[in-house]
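Structure first, commentary second.
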Amino acid sequence: SIEKPAMNGGEQCHGATKNTQPCGGDIQQCELSVWGSWSVCTASCDGGVMTRSREIETPAKGGGKPCQDWLEEANECNTHPCEEGSRDCKLGAWSKWTTCQEGPMKFRFRQIEQQPANTGAPCTGALREASSCMAKVDCETSEWTQWDACDKTCGGGQQMRHRQVTKNPMNGGEACPKVLIETQGCALEPCRRRDCIVTEWAGWSGCSATCGIGYRTRARDFKQKPCEGGQGCDLDLAMVEPCFAPACDCQDCLWDAWSEWTTCTKSCDGGQSTRERNVIQTPKPGCKACEALPSSQVQPCNTQACHQHSCVDGKWGEWSSWSACSGTCQGGERWHHRHPVVEANDCGIPAAGMSMEAEPCNHDVPCMKSQDCLFTSWGRWTECSGQCEGVRTRTRNIAVPAKGAGLYCAGSLEETAPCHNGGGLIDFSDPTCSLDLSHLKGGMEGDAGVMRFRNVIQVATTECPYPGEQTCSGRWVDLLVTSTGAYQSCLADPHYYEGFGQITIASGSEASFKFQLVDPITNQPVAMPKLMLKFFGLTEGDGTSRMSLFAKGFKDYYLSKQSLVAVSSVDAGGTFAASDAGNLGNPLPQSPIDTNDMAERRTVALLYEEAATFDVKFQVAGGDSCHRFLFALKGCSGQGGCCEVDPCHLY
């Protein structure tokens, strides 16, 4: 039966849940006797044959397997030549099978017709064969049934199908299959799987400007956040676009009415009269420009002939100056015109070309000073939405709207990103909450056995309950590591291990140390709600020395899943010692946040609660090497994720 169904995407059960085997009556397998001695060779030279045989000692019964092997064997002998010429061995034809009246087996035989001679090929094969008299009956099963209904609708369930034995095997027939019931996984989708969904866009906001050009925004929010493998959102949550309000105190362009036609320039032979109009109101910046309309018109008059004359062609006069631009900014038009100085008579050719020309103007003059749109800086990220993994957001606003020919803002006003809260105090790969051991004053050799690590962490105060958020400054704390007795120090390799504190002890010696968190000025102890002290590099070295430490007062301890550290507990504390025949050449980690599985197998982490002082005794038994104990710390200085020991279940 299924002892534990698959859940939350786990692997489903595979294989049979029921086996069958024959039953009812004694089952006897066929057994053969041992081989007899070889017979005398049939020839003294040119190759002969010698044989040996065996009998069926116990016949098969009760569905047992019948004998299938040879009952007689032949082998060549005396293969040296008698005379020239080679001859291969030949076997005769098989005889008929004997009857089944004398037992459950039947036999047939054959003889050697020709012996091999002079390197001829020998005979191969049996001279007697046996077979069961009872017909074989193979096992038969029914077809598989349909899969039954899944026992769950989601979250991973099981369903089964089965078949039955319809005919049991007999007389050595093919056995029944072992699997009569099959199971498979079903309804594998998580029950709480949800994709991220956002709401519809809200309506556009009002325009940021009451006149001229401004901007407006609209936003939307999460309607449903993803859960248990659901697809996350990758969409904008805010939009911005320009908007256009009525012009600010506009004064549009106005044309005057046409004047009266002037008197004809001639009384006969064709003359001209003209009329004009002007712009009586120029537009203000940003307002409606003047339409491209003619400012003067000309027409012929008194075209009747005065008397006979020669043909006179028309001729234009000089162009007038350009008029003022119809718009003072963002484009307009200006005109100039000319009049004919000689009119063509009735047979002359009129002057070619336009009497007025127009061209664009002030198209590169902005109505207001151009300004590109500018965003504010991004705000702080929000807290992570999940205990270990989640989503966080940050926002920004438009600091300066675009003006004139300036570029409009492009981009979202809100961003979302995945986040990770870290694995708590036990996760040294996450530098959050780590004590800073980079400011060391003094050393075991140079300062009477005292190491002082300056400003290792800020703890909470009444004015700053959450110093980790960097919005205020808490109370700085120093770490004192003091030898509580004489001990034999030594010089290890000069390599620097970043982020660690270290204590070196000669082989065959021991030393006790007091670790204490103190006020930098008063040296008074400062207790922390929770603190994790982790030691690295416990090893047996080359087999002649062994590193161990003894501690007391800790709340709990943590080892890696494949730890090589042995633990022995007593009422006053616990001893942690290397338990492997390790290699002294195993490299130590370069920093607490950059370790590997091999290095983690040689570590132990001790959890202290509401403690300011804790004692540790170090020992190196045997050997002649100098051993280095590396240590690092993480602490809870107030509230939040740093006060969780193992929120993501790493250990």
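Numbering of residues begins at 1 and proceeds along the displayed sequence. Owing to the predicted nature of the structure, the values given are computational and were not obtained by experimental measurement.
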Heavy atoms only: give me the nearest C409-V240 pair and the separation to one decimal.
O-CG1, 4.1 Å
List for me each residue that meets side chain to side chain contact (heavy atoms under 4.5 Å, CB included) alongside D478, sequence neighbours excluded, and say none if there are none.
R452, R454, N455, V518, P520
Does any non-hydrogen side-chain atom of T265 lie less than 4.5 Å from one of N302?
no
Can you confirm whether the side chains of S591 and E498 place a donor and an acceptor under 3.5 Å from each other?
no
Separation between CH2 (W147) and CD (Q159), nearest 0.5 Å, reads 6.0 Å
Minimum heavy-atom distance R628-L588, with the two atoms named
CD-CD1, 4.0 Å
Other residues, nucleotides and ligands only: do more than 12 of their heavy atoms fall within 6.0 Å of CD1 on I521?
no
Passes salt bridge (Lys or Arg N to Asp or Glu O under 4.0 Å), E415 versus R392? Steps please.
CA-CA 8 Å; E415 284 187 342; R392 59 179 183 171; over 6 Å; no
Please report whether the ring centroid of Y408 lies less than 6.0 Å from that of Y215.
no
Who passes side chain to side chain contact (heavy atoms under 4.5 Å, CB included) against K223, sequence neighbours left out?
I197, T199
Could you measure the distance from the CG atom of L435 to the CG atom of L633? Nearest 0.5 Å is fine.
5.5 Å
Go through the steps to decide whether C636 and C433 satisfy the test disulfide (SG to SG under 2.5 Å), and finish with yes or no.
CA-CA 7 Å; C636 159; C433 318; over 6 Å; no
If we count only N and O atoms by modelled type, under 3.5 Å, do the side chains of Q158 and Q184 hold a donor and an acceptor together?
no
Between T595 and A599 the two heavy atoms that sit nearest each other are CB-CB, 4.3 Å
Any donor-acceptor pair under 3.5 Å linking the side chain of T603 with the backbone of F536?
no
Do R334 and E359 sit within salt-bridge range, that is, some charged N less than 4.0 Å from a carboxylate O?
yes
Donor-acceptor check, side chain of N345 to backbone of V312, threshold 3.5 angstrom: yes or no?
yes
Does a salt bridge link R394 with E414, judged by any charged N lying under 4.0 Å from a carboxylate O?
no
With rounding to the nearest 0.5 Å, note down the distance linking CD in Q562 to CE in M598.
9.5 Å
Set of ring pair (Phe, Tyr, Trp, His ring centres under 6.0 Å) partners for W322, sequence neighbours left out:
H336
